[in-house]
Amino acid sequence: MVRRPGLKQLAAELERSAATPSEEAEKCAARGEEFFSQRQFDLAQECFTKALEALGDVDSDSALREVQLRSLRRRAACAQQLQDWGTCRRDATAVLEAHPGDAQVLLQRAAANEALEKFSAALEDARRLLAIDPRKIGRAHV
């Protein structure tokens with residue numbers, strides 16, 4: 001318990017300035033977007049990771065779920081640029097569980113599967129992508 005007036009005031013200020021997990025996640029994600037636009041994918045990936053850590057576990061019905069999915073989608077894009085195929089595949093799979101028709105993320109996962117020599121999974125992703133958006137498959141290297 002804080003008894004001194006100066007410490008009470010400081011404690012009150014800290015409580016007011018403490019960001020909620022969603023505010024912290026949004027701040028980190030925004031910083032990640034800035035780094036991504038500057039093609040600083042390593043720094044952007046760190047920011048998206050911090051955003052996801054700030055959110056922790058979220059309910060599937062929660063408004064925070066969209067922030068989480070957006071951060072996963074962008075971290076997968078960073079991982080693809082950095083050729084961090086394990087992270088790219090894991091994050092893309094998490095996004096696809098919620099949005100199975102996301103053609104861009106499916107393309108990312110197909111590229112990750114190919115790079116990880118998971119050729120049957122890459123082929124399956126390519127077939128799904130072809131069913132969703134035949135124009136995307138021409139741009140893929142699957």
(message) So, using side-chain contact (heavy atoms from CB on, under 4.5 Å) as the criterion, who are the partners of Gln38 when residues are at least two apart?
(response) Phe35, Gln40
(request) Please report the closest heavy-atom contact between Leu72 and Ala94, naming both atoms and the distance. (result) CD1-CB, 3.9 Å
(message) By the definition salt bridge (Lys or Arg N to Asp or Glu O under 4.0 Å), identify the one residue from Arg70, Arg128, Arg109, Arg73 that meets it with Asp102.
(response) Arg73
(request) Drop me the distance from Leu106's CG to Leu96's CG, to the nearest 0.5 angstrom. (result) 5.5 Å
(request) Taking all heavy atoms of Pro100 and all of Ile132, pick out the closest pair and write down the distance. (result) O-CD1, 3.9 Å
(message) Rounded to the nearest 0.5 Å, what separates atom CD in Glu23 from atom SG in Cys28?
(response) 12.0 Å
(message) Just to verify, what does Asp84 make a side-chain contact (heavy atoms from CB on, under 4.5 Å) with, not counting sequence neighbours?
(response) Gln45, Ala79, Thr87
(message) Please identify which of these residues, Asp125, Leu129, Leu123, meets the side chain to side chain contact (heavy atoms under 4.5 Å, CB included) condition with Arg127.
(response) Leu123
(message) For Phe48 versus Ser71, what's the shortest heavy-atom pair and its separation?
(response) CB-O, 3.9 Å
(message) According to ring pair (Phe, Tyr, Trp, His ring centres under 6.0 Å), who are the partners of Phe41, at least two apart in sequence or on a separate chain?
(response) Phe36
(message) Side-chain heavy atoms under 4.5 Å apart, restricted to Ile/Leu/Val/Met/Phe/Trp/Tyr: what other residues fall into the cluster of Val58, or is it alone?
(response) Leu55, Leu64, Val67
(request) Hey, could you give me the CD/OG1 distance between Gln108 and Thr93, rounded to the nearest 0.5 Å? (result) 11.0 Å
(request) Using the test salt bridge (Lys or Arg N to Asp or Glu O under 4.0 Å), find all partners of Arg31 that sit at least two apart in sequence or belong to another chain. (result) none
(request) Hey, could you give me the SG/CZ distance between Cys47 and Arg75, rounded to the nearest 0.5 Å? (result) 12.0 Å
(request) For Glu53 and Lys50, run salt bridge (charged side-chain N to carboxylate O under 4.0 Å, His left out): C-alpha distance rounded to whole Å, both residues' side-chain angles, the deciding distance at 0.1 Å, then the answer. (result) CA-CA 5 Å; Glu53 289 170 353; Lys50 287 180 182 177; over 6 Å; no
(request) To the nearest 0.5 Å, tell me how far Arg65 CZ sits from Asp57 CG. (result) 10.0 Å
(message) With rounding to the nearest 0.5 angstrom, report the CD to NE2 distance, Gln104 to His99.
(response) 14.5 Å
(message) Going by the rule side-chain contact (heavy atoms from CB on, under 4.5 Å), which residues pair with Glu124 if we only count those two or more places apart in sequence or in a different chain?
(response) none
(message) On a heavy-atom basis, which atom in Gly32 and which in Ala44 lie closest, and how many Å separate them?
(response) O-CB, 3.4 Å
(message) Can you give me the closest heavy-atom contact between Ala122 and Ala110, atom names plus distance?
(response) CB-O, 3.7 Å
